[in-house]
Amino acid sequence: MGKGKRNSVVVISSSDDDEDKDNGFLLKTGFRFSKSAPTRKNPKRAKRLSLANSCSWPLQPSGSSGFDEVKQFCEEFDQGFTQFKVTSGSRGNKDLWVEKYKPSCLEELAVHKKKVEEVKTWFEERLRNCADDAQNNVILISGQAGVGKSATLYAIACHLGAEVHEWNTPTPMIWQEHLHNSNSGMRYMSKLDEFESFVERVRKYGLVSSSFTKVSPSIILLIDDLPVVNGKVSYGRLQRCLHLLLQSIRLPTAILINDYSTYESVDQHSRYWEELQQSLQSAGAYKVTFNPITVNSIKRVLSKICRVERVEVCDGQIDDIAKASGGDIRHAITALQYLSLKALPICSLSSPMRLPAYPQENGNCSGHLDEGFSLPFGKDATLSLFHALGKFLHNKRDARSLVTSDRDAILLKEKFVRCPLKMDAPELVLRQAHGQARLIADFLHENVQDFVSEEAIQDAWVVNSYLSDTDLLLSPPTGCLVRKFEAENVTQSVAASVAVRGVLFGNTNPVSSRWHAIRRPALWQVEQSLWCNKRQLLSQRTDVHSSISLNNLSILATEFKPALNWLGHREPEETDGGIYSSDKEYHGISLDDKDDEIDNDEIEDW
Amino acid sequence: MLWVDKYRPKTLDKVLVHQDIAQNLKKLVTEQDCPHLLFYGPSGSGKKTLIMALLRQMFGPSADKVKVENKNWKVDAGTRTIDVELTTLSSTHHVELNPSDAGFQDRYVVQEIIKEMAKNRPIDTKGKKGFKVLVLNEVDKLSREAQHSLRRTMEKYSASCRLILCCNSSSKVTEAVRSRCLNMRINAPREEEIANVLEFISKKEGLQLPSGFADRIAQQSNRSLRRAILSFETCRVQQYPFTVNQAIPPMDWEEYVSEIASSIFKEQSPKRLFEVRGKLYELLINCIPPEIILKRLLYELLKKLDSELKHEISHWAAYYEHRLRLGQKAIFHLEAFVAKFMSIYKGFLIETFG
């Protein structure tokens, strides 16, 4: 959608006078209505929006009916819009398609049948012999957001006739509230505290809350939202708590874990989740991983919804939505609703007039696919840091000649000309990977030499000189007393851009692609051990040689230390092999736990 | 005890090099009015020795009784308090410290210490010598902010304390500070002077010193007296009695740098560059300052280089040294220099030998 319609918008609104008066009038009223819409913040945008809709609908010659329809449409639209906005958070609202078309039975699930079956049989077994203590009663369901973890669970529960009892996530507290509470003497309980006490309660007494007066046949406990932990201590608490739960719970329990790992591999947080999953699994929890939902099943669900809602959305669009959603069905459905929000009045009106527009629209759809991010729906694509680094380092380029660029580009000397990149603009890739300049520069510096071909030392220098520029940009300005953070932000992004573009530009003929492990920058370790050695030297300064004055570090390192090594002065372990023996490399600061994690990430041929 | 410390002259009269300066200092102090002093000169030229001797001249033998302390300062900097830990050397009359060890927080240290010293001003029974001396090392490494605050405090507390500043290059000390001090330029001792000192030491130690050996050490010492004495002592440990053409053990890091240089000459490729990076890392880990590495590396490279290229290489070395000082991560610039050298050298080889 969009392009074609937008064009027509321009035509009509700019040429008020050549259109017949009805039209002009209609449009104006249209403006008025949309302006009065309560949720709009920006009237200008609103105008455009509603215009876009009203104009896509073929104007009918009869004035009054047209007016009514437009009016009706505007109201509907506004209604739909406000409702959509206001209620989007709350549960059980049937206006939201996500809720409305929530799968109620197993057949409706878009999740892969095998997985559903797996979970179902697990629950069946547990429910059948729930008195049996020997088994573990916890199932871990992990998967990316919106792959239908909870939906599956509810559907299965419904199928088995069990009742789901969910751990109600406490609402987050805002600061004012907290102040109010603490003034009135209530102690603040962290979410983790609350979760702990909940687990304690459930373990000891089962679920005998007041809402469970009637005896239900079987209960499934669902823990959807584990409290967020920060830092080792609270992580330890959560882990302990979950282990307790694991050991002593009698009810079949499902713990849902969102899998972030694919996106934010550098994030400390996601690492905790992975660890947690592993430890729970090794403690005996049964784990099922849900994969992102395939494009085809999303498409099936979407077209079904379209059928039920009697919305006509072309296949191309459904296809787009499904692809853009990245396996997140909730997102896909919401996107569809958003899309059909625009189309709603069209369907309610006579449709035959619209039909001829189809082929044109299809064309537009396919055109849009290439742009990707111009879709109003669709997630922002994120890249992992290593993916982005791989792109930069491999430096794929189109081998074709540069005929396209010679028309309006500045003429460059032969040696500055490079083939076009086979990727988005580097800055865009950086943004998608959330690359911080320093991090990117360190990683590029560490790894880029592997990708420069053996003969090209000149290239290696060019790359290095750009990295040196980057370092200059990144170093805090000396001399000015006030730090300007806005300016620093700009320098940060400029520095990242310089580093990346420098690497791309400098490496004229990269090594033919092969598998490469990306090394973690040795620089970090070097810095750590440097710091450590410095401390050591400084502390030795006073006791090793009883010099009565303080010497500075460089003299210590360059003059005293070698001399002391020769003299064998109080440093027996250093005298035998000299300080540069390779076994003492990096002075044994172990960062191994981090090491293997990152080293395992490989760059493949993207 | 190292000979460097053992034979450090204790009084201004016993000084072997810079005797004229020592005499002037003595005159200055005996007149009881000592201005702030700024000693500058290359390392190993005897700045510290002169300062210590000067202190002794001012306060008598009690200036020698120093104690080493790790002091913690809690500095109230507006909204927060900053903890700074520093090693100080102090007697009843003076405090010596390296404020640049505090890194980023150096300005607070300078201010705070001077304030503290001004507060507990020593009162002699005779009411004399009512000031303390603060010896600040490496003033050139102080940040701009710290130097600014130094300037203000110098004026404010000049009644209660005297500053003796010590640095390698006065060009990095702000004008404001320099003009408030009496500047003392301490030159590097000449090679004959160094040889004289070595002969003096060998006489004291009762060693047989073959003629010419002291001169050779002096030549290798780069006109740093400290270095000369240190390597003299290592020679003594290695081989005694001395022979005339005895090898003088080089500093291990210098050897390592020359290894790097020869490996650069052998091959110029990204792979070699990567190896060189690893070696540079090791030097850096062992606290060798990057500027010194670059300087030494350039020296080693120039030794074997065709004179046609020397100018260009020196230019690039200067270029990257400048960036090194501006930037944060030394390795980026060191490596860029090595890469540039490799690139130029390879081009040169191809041009000359095809």
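Numbers restart at 1 for each chain; the letters A, B, ... are given by sequence-line order, proteins then strands. What's counted below: heavy atoms across the whole structure, side chains too, no hydrogens, waters or symmetry copies.
Here the side chains of B:F332 and A:Y466 are not in contact, with every heavy-atom distance at 4.5 Å or above. Looking at A:E527 and B:Y281, their side chains never come closer than 4.5 Å, going by heavy atoms from C-beta outward. A 4.5 Å side-chain heavy-atom check between A:D442 and B:K329 finds at least one atom pair inside the cut-off.
If you tally non-hydrogen atom pairs under 4.5 Å between each of B:I344, B:V135, B:V237, B:T234 and chain A, the highest count goes to B:T234. In terms of heavy-atom pairs under 4.5 Å with chain A, the best-connected choice from B:G44, B:C287, B:P289 is B:C287. Per-residue counts of heavy-atom pairs under 4.5 Å with chain A were compared for B:K6, B:Q238, B:M251, B:K340; the largest is that of B:K340. Chosen from B:R227, B:R272, B:Q268, B:K279, the residue pairing most often with chain A at heavy-atom distances under 4.5 Å is B:R227. Top candidate by heavy-atom pairs under 4.5 Å with chain A, chosen from B:R236, B:E233, B:R277, is B:R277.
Among B:N286, B:I285, B:L284, the one residue that satisfies the side-chain contact (heavy atoms from CB on, under 4.5 Å) test with A:S529 is B:I285.
Looking at B:E275 and A:Q449, their side chains never bring a donor and an acceptor atom within 3.5 Å of each other.
Looking at A:R438, the atoms closer than 4.5 Å to chain B (heavy atoms on both sides) all sit in the side chain, from C-beta outward. The contact between B:E267 and chain A is made entirely by side chain atoms (from C-beta outward), counting heavy-atom distances below 4.5 Å. Both the backbone and the side chain of A:A441 come within contact range of chain B, with heavy atoms under 4.5 Å apart. Contact of A:T470 with chain B is not made at all, since no heavy-atom distance falls under 4.5 Å. Only the side chain of B:S224 comes within contact range of chain A, with at least one heavy atom under 4.5 Å from a heavy atom of that chain. Proximity to chain B involves both the backbone and the side chain of A:L523, based on heavy atoms less than 4.5 angstrom apart. With a threshold of 4.5 angstrom between heavy atoms, B:F341 does not approach chain A through any atom at all.
A distance of 12.0 Å separates CG of A:L467 from CD1 of B:I331, quoted to the nearest 0.5 Å. In this structure, the separation between CD1 on B:I288 and CG on A:N533 is 10.5 Å, given to the nearest 0.5 Å. Going from atom OG of A:S465 over to atom CH2 of B:W316 covers 7.5 Å, rounded to the nearest 0.5 Å.
Of all heavy-atom pairs between A:D471 and B:Q328, the closest is OD2-N, 3.0 Å. Of all heavy-atom pairs spanning A:A460 and B:L273, the tightest one is CB-CD2, 4.1 Å. What you find for A:I457 and B:S269 is that their closest heavy atoms are CD1-C, 3.8 Å. Here the closest non-hydrogen pair linking A:S468 and B:A336 is CB-CB, 4.3 Å. Of all heavy-atom pairs between A:A456 and B:P270, the closest is O-CG, 4.2 Å.
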Stepwise side-chain contact (heavy atoms from CB on, under 4.5 Å) check, B:K346 with A:E455: CA-CA 10 Å; B:K346 196 175 185 190; A:E455 292 302 303; 3.6 Å; yes
Audit row: B:K271, A:E454, side-chain contact (heavy atoms from CB on, under 4.5 Å) steps and yes/no: CA-CA 7 Å; B:K271 201 189 263 169; A:E454 202 47 28; 3.5 Å; yes
CA sep, side-chain torsions, deciding dist, call: B:R323, A:D469, salt bridge (Lys or Arg N to Asp or Glu O under 4.0 Å): CA-CA 8 Å; B:R323 306 191 129 219; A:D469 289 340; 2.6 Å; yes
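Residue B:H315 qualifies as enclosed at atom NE2: its count of foreign heavy atoms under 6.0 Å is above 12. Shown here is A:Q436, whose CD atom has no more than 12 heavy atoms of other residues, nucleotides or ligands within 6.0 Å.
Using a distance-only test at 3.5 Å, with no hydrogens or angles considered, no donor-acceptor pair links the side chain of B:S343 to the main chain of A:W461. Of the possible polar contacts, none joining the A:N464 side chain to the B:A339 backbone as a donor-acceptor pair under 3.5 Å is found.
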